[in-house]
Amino acid sequence: MPPRLLLLLLPRGGLLPPLRRRSPALSPLLRRIPSNKAPGYFFLSPVCAFSGYSGMAAGSPEQQQRSVVVRETVELTEKEEQIFRRLLDVVRHFGLGTQLRVAGGWVRDKLLGKDSADIDIALDNMTGQNFCEKVNEYLELIGEEQKGIGVIQCNPDQSKHLETARMLILDIWIDFVNLRSETYAENSRIPTMEVGTAKEDAHRRDLTINSLFFNINNNSVEDLTGRGIEDLKKGLIVTPLPAKATFLDDPLRVLRAIRFAARFNFTLAEDLKEAASDERVKSELGSKISRERIGHEIDLMMSDKHPVKAMCDIRDLGLFYVVFSFPENSTPPVFDKCDWQCVSHIEAAWNLAYSIGSSVFSSGSDPKLQDEQRRLYLYSALFIPLRNMFYLDKRSKRVPVSSYIIKHSLKLKASDAETVVNIHAASEKFAELVLLLESSVDVRTLKEKLEDEYLEIPTDSVKRVCAGLILREIKDFWRVALLVSILSYPEAENAADIHNKQDELHWRKEKYIRVERAITDLDLDGVWKLKPVLDGKSIMGVMQVKSGGPLVGTWQQRALKWQLAHPNGTMDECIEWMKQSQSKRQKVESSTRTAF
């Protein structure tokens, strides 16, 4: 999120308000073509045909036809009724004469039959801060604890034009803001803010479906643009005022329009698409809006129900390189149709994961980790075509381009960039493992890579050792890395029994299931949590050395391989192996010296 000035008006004993974070019939895998721009890669052909995207557990294609059912009235929960009564009590007690309106997303979601805790109250005759102070006066009068008030100041440079006050009402955080009208001078992008009417406020909002009000005073829905409910029923994304002017006033609204279109599987209006593709609008989006706010919108899209539709819209509107800005110099340089290739990969990844089901992101019972795996899987898939592209940073360090985009273009967490890079690296290692697990290929070459003069691995344990080492690197994300590896697997194009794209999707799905089962049958799920049978101190004792160093580290790695090869081995057995290995090595060295 962009930096914002937060003023806290905190009464004695008050609570500190947190900053809010606003919070298929899928096409089969697309045809893959060799790329002469990036040798060694097979890219998905630049086609993005889809209709009716839905979540991974959305059901059969027949169930996924869009049908927008809009309620005639808002049905309040018991908690909402209590909150609204409390606010009306404040208005009546002090004779404020204030019209209280819930604005925006809460009204939209309620009319769509969805619950929402995102309550924003628009006030017609005072600021949010002043009203919150009146609430606290009322709480003191009735003998209840006063609450902390948070004031988020406006920041026009970041297109944050509204001062917002927050406070806790009956254990729910509520935002308060006064109704506004905005006027822009021809040579300025910073609006002049004035107290406005409800109609003026509705027309200054980003989309008609977000411009609806629920009037608390008379318990009614107000559609002051005259088309918010109609567009909701039609599933249409439209701006209340001309789209180009709306986007130039606040270019972030372009991404918000795409996000809401994807979230509800709605259609972008033609004039909106034309405005979003305008070169001036794109330039303003890239220069006026902070990278944090752009990244936040993209992250919301990736975490929502229809991320592929959102990415396709970004690409089709010519926004891909604005949103995902690349470093100035990369090796190799950005190739032709890079945006198409990236989006085609995320679509193929979505199709493959959807065909397998939610088990692909199962990690115990932690839903947050599952959501994180899904989100980073999609980023990893989107940037598959970039995984061999690098640039030199200020210290002349070779950095993956995907890391630059995640950390600098989107300003997401450094750990996100690191995980995506690790997923790409592990997926390439999995490619060799997939071949090993799926066939009776000779393991001697791999066995020689894993062994050295001190360590000999039984032939029937080579697969387990190899897989275990990969899983210990990627940890909880091993299924994600395997999925990315299967997605990139080139053999599908050459398989004799594949006749169409749906066959290819099935082929990849079955391959993933077989390899995943083979790894779990080797009892490796969770192997990264395995406690070493010998720690560094124990190894130093066996080697009779007083300090650690590279030699101890090397033996720790050997001991880990031994442990993977002997899952039931004990500490004493591992120590005995170490002693025998060292003794054997010493005898060989002694014999060699004698021979010379």
Side-chain angles (χ1 to χ4, degrees), residues 363-364 418-419 421-423 425-437 441-479 481-482 485 515-516 518-593:
S363 293
E418 182 181 0
T419 300
V421 170
N422 289 342
I423 288 171
S427 69
E428 293 182 343
K429 294 178 182 178
F430 265 123
E432 184 176 7
L433 180 63
V434 168
L435 184 63
L436 181 68
L437 295 174
V441 65
D442 191 347
V443 300
R444 282 179 296 181
T445 301
L446 183 56
K447 186 174 185 293
E448 291 173 0
K449 289 182 181 179
L450 295 171
E451 295 178 338
D452 60 25
E453 63 269 32
Y454 294 98
L455 175 67
E456 182 177 345
I457 297 174
T459 300
D460 59 359
S461 297
V462 169
K463 294 180 180 180
R464 191 176 196 278
V465 174
C466 181
L469 293 174
I470 296 175
L471 265 63
R472 284 182 67 88
E473 289 183 12
I474 197 64
K475 300 181 174 64
D476 284 304
F477 284 82
W478 73 266
R479 287 184 174 86
L482 174 60
S485 181
V515 175
E516 193 265 355
I519 291 174
T520 54
D521 286 348
L522 289 170
D523 195 25
L524 288 172
D525 193 11
V527 69
W528 54 91
K529 301 174 185 176
L530 182 67
K531 183 180 178 180
V533 67
L534 290 182
D535 58 18
K537 186 176 180 180
S538 300
I539 290 174
M540 288 167 57
V542 176
M543 297 177 64
Q544 297 182 340
V545 295
K546 294 183 179 180
S547 62
L551 183 60
V552 173
T554 300
W555 272 102
Q556 284 181 303
Q557 187 67 9
R558 288 190 186 114
L560 172 61
K561 293 177 183 178
W562 181 91
Q563 188 174 358
L564 289 170
H566 305 84
N568 297 316
T570 65
M571 178 188 295
D572 290 340
E573 290 172 338
C574 187
I575 290 173
E576 182 61 27
W577 156 74
M578 278 192 66
K579 290 179 177 179
Q580 290 180 359
S581 297
Q582 287 183 304
S583 175
K584 179 180 177 182
R585 178 62 180 166
Q586 289 168 357
K587 288 179 181 179
V588 171
E589 290 175 349
S590 177
S591 300
T592 303
R593 285 194 297 268

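Since we're looking at a predicted model, the values are computed, not measured. Residue numbers run from 1 in the order of the sequence given.
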Point-to-point distance, once rounded to the nearest 0.5 Å, from CG of Leu450 to OG1 of Thr445:
11.0 Å
Quick one: NZ on Lys579 to CD on Glu576, what's the gap to the nearest 0.5 Å?
6.5 Å
Quick one, Trp528 with Ile474, criterion side-chain contact (heavy atoms from CB on, under 4.5 Å). Give me CA distance, side-chain angles, the key distance, then yes/no.
CA-CA 8 Å; Trp528 54 91; Ile474 197 64; over 6 Å; no
Under the 3.5 angstrom rule, does the side chain of Gln563 hit a backbone N or O of Lys531 as a donor-acceptor pair?
yes
Do the side chains of Trp562 and Met578 get nearer than 4.5 Å, heavy atoms only?
no
Can you list everything that forms a side-chain contact (heavy atoms from CB on, under 4.5 Å) with Leu524? Sequence neighbours excluded, please.
Arg464, Ala467, Leu471, Ile519, Leu522, Val527, Leu564
Testing the basics here: between Ser485 and Ser427, what is the closest heavy-atom pair and its distance to 0.1 Å?
OG-O, 2.9 Å
Any residue meeting side-chain contact (heavy atoms from CB on, under 4.5 Å) with Pro458, in chain and number order, not counting sequence neighbours
Asp460, Ser461, Ala565, His566
Looking at every heavy atom in both Lys463 and Leu436, which two are closest together, and how far apart are they?
CE-O, 3.3 Å
Test item: Trp478 and Glu516 side chains (from C-beta on) under 4.5 Å apart, heavy atoms
yes
According to side-chain contact (heavy atoms from CB on, under 4.5 Å), who are the partners of Gln557, at least two apart in sequence or on a separate chain?
Leu469, Leu560, Lys561
Per-pair distances, 0.1 Å, donor-acceptor, side chain in residues 547-555, under 3.5 Å, sequence neighbours excluded:
unit_1: Thr554; atom_1: OG1; unit_2: Pro550; atom_2: O; d: 3.0

Residue pair Asn422, Thr419: steps toward the side-chain hydrogen bond (donor to acceptor under 3.5 Å, both in side chains) verdict
CA-CA 5 Å; Asn422 289 342; Thr419 300; 5.5 Å; no
The salt bridge (Lys or Arg N to Asp or Glu O under 4.0 Å) partners of Asp452 (sequence neighbours excluded) come to Arg558
Dump the intermediate steps for side-chain contact (heavy atoms from CB on, under 4.5 Å) on Val434 and Leu482, then the final yes or no.
CA-CA 9 Å; Val434 168; Leu482 174 60; 4.0 Å; yes
Side chain proximity check, Ile575 to Val533, heavy atoms < 4.5 angstrom:
no
Who pairs with Lys447 by salt bridge (Lys or Arg N to Asp or Glu O under 4.0 Å), at least two apart in sequence or on another chain?
Glu451
Check whether any side-chain heavy atom of Leu446 sits under 4.5 Å from a side-chain heavy atom of Cys466, and report yes or no.
yes
